[in-house]
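This report refers to the structure that appears directly beneath it.
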Amino acid sequence: MPPELDASAAPPQFPSSLLDALRQARHVLVFTGAGVSAESGIPTFREALKGLWERFDPRELATPEAFQRDPALVWGWYEWRRMQIRHAEPNPGHRAIATLARHVAQLSLVTQNVDDLHERAGSTVIAHLHGQISKPICFNCGLPTFHPEDRPEEPEGGRRLEPPRCGTCGGAIRPGVVWFGEPLPTEDWSHAMEAARSADLVISVGTSNLVYPAAEIPELAARRGATLILVNPAATAMDPIARYTLQGPAGVILPALVAAAFPSLGA
Ligand code: OAD
């Protein structure tokens, strides 16, 4: 269960320079990671290896070799995650990003997440850098396909589930996500780079900023002189180049930030 928000806690305060920068921004790039979905009950990427999967290393599950070695184990892990996503709801952090898009001149949303919670909160995502769990493809012929029944099955015994077969070539269906060692989707990458080259303000939310090339996106914008704002309860690898580090959960910080920057316009 996501943590209870402490209603008695004072709302976060923001420097007026930060609020002015947001109000005057020409092009805001919002870059998100697994932390933005944490308050929806979706474990962050590195937490997703707790519980059932505690004894696995991501490299044992999120690679083409792992899928070839044991398709049922890898497909079972992703179906477990897809089921969690289907049962989850967007949280106030997702919704604040959708609201922000209505108040700034231009907002580009780039995510590393494979869930659809941004879209379900009303956002347009210009790039899913690591693919989408809801868009499986055939491991053999690469054709996009669909889940046999759009109802994720609980992997039997909580872990192994044989993947369905491709209707065209009979190959095994794989999750439509980017695995370690695989290239990022070309179109998504070029949209993200375009935004990184043009944005004058970047809000990086809920990412450890450890995984490249995705982490290049906020880094490139910051090195060009864009104002980099980090939203994360913990320190990240990007802190040294951030103009502002807002320590706290996205579901608390983002709604407060949008309300503080655009009070008259309402949510
Ligand atoms: P990580 O699990 O590496 O990092 C999640 C980040 O979210 C951490 O920095 C947490 O401190 C932060 N966090 C936790 N709860 C939060 C909250 N309520 N609000 C805000 N932040 C919170 O996940 P990512 O950085 O997204 O790639 O990982 C990036 C990529 O690494 C993933 O897309 C995945 C993995 O390799 C692929 O699967 C290809």
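Position 1 is the first residue of the sequence; numbering continues from there. Each ligand, and each atom within it, is numbered from 1 in the order the structure gives.
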Got Met83 and Glu79 here, is their nearest side-chain heavy-atom distance under 4.5 Å?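 They are not in side-chain contact.
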Report yes if the side chains of Leu201 and His27 come closer than 4.5 Å at any heavy-atom pair, otherwise no.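 Not in contact.
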His128: what forms a ring pair (Phe, Tyr, Trp, His ring centres under 6.0 Å) with it, not counting sequence neighbours?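 If we apply the ring pair (Phe, Tyr, Trp, His ring centres under 6.0 Å) test to His128, skipping adjacent residues, there are no hits.
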How would you list, by chain and number, every residue that makes a ring pair (Phe, Tyr, Trp, His ring centres under 6.0 Å) with Phe139, sequence neighbours excluded?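 Phe139 satisfies ring pair (Phe, Tyr, Trp, His ring centres under 6.0 Å) with Phe67 once adjacent residues are dropped.
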Within the structure, is a non-hydrogen atom of Pro233 found at a distance of less than 4.0 Å from ligand 1?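 Distance cut 4.0 Å: Pro233 passes for ligand 1.
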Does some non-hydrogen atom of Leu210 fall short of 4.0 Å from ligand 1?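 It does not, in that no heavy atom of Leu210 comes within the 4.0 Å cut-off of ligand 1.
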Are the side chain of Arg224 and the backbone of Ala196 linked by a donor-acceptor contact shorter than 3.5 Å?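 Flag set: sc Arg224 to bb Ala196 pair under 3.5 Å.
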Please check this pair: side chain of His94 against backbone of Asn91, looking for a donor-acceptor N/O pair closer than 3.5 Å.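 Yes; judged by distance alone, with no hydrogens or angles, the pair exists.
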Test your reading of the structure: does [X] have an N or O sitting under 3.5 Å from an N or O of ligand 1?
| X | answer |
| --- | --- |
| Gln112 | yes |
| Ala34 | yes |
| Trp179 | no |
| Ser208 | yes |

Mark up the atoms of ligand 1 that fall under 4.0 Å of a heavy atom belonging to [X], in ascending order.
| X | result |
| --- | --- |
| Ala234 | 11 (O) |
| Pro249 | 17 (C), 18 (N), 19 (N) |
| Gly33 | 26 (O) |
| Phe180 | 36 (O) |
| Glu39 | 17 (C), 18 (N), 19 (N) |

Is any side-chain N of the basic residue among Arg160 and Asp70 closer than 4.0 Å to the acidic one's carboxylate O?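 The answer is yes: the pair qualifies as a salt bridge.
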Using a heavy-atom cut-off of under 4.0 Å, does the side chain or the backbone of Ala250 touch ligand 1, or both, or neither?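 Both the backbone and the side chain of Ala250 come within reach of ligand 1.
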Is it the side chain (CB and beyond), the backbone, both or neither of Thr207 that lies under 4.0 Å from ligand 1, heavy atoms counted?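 Answer for Thr207: both.
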Please tell me whether Val202 and Leu100 are part of a single hydrophobic cluster in this structure, the criterion being side-chain heavy atoms less than 4.5 Å apart.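 Shared cluster, no.
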Ignoring hydrogens, what is the shortest heavy-atom contact between Leu107 and Val30? Give both atom names and the distance.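 Nearest heavy atoms, Leu107 then Val30: CD1-CG2, 3.8 Å.
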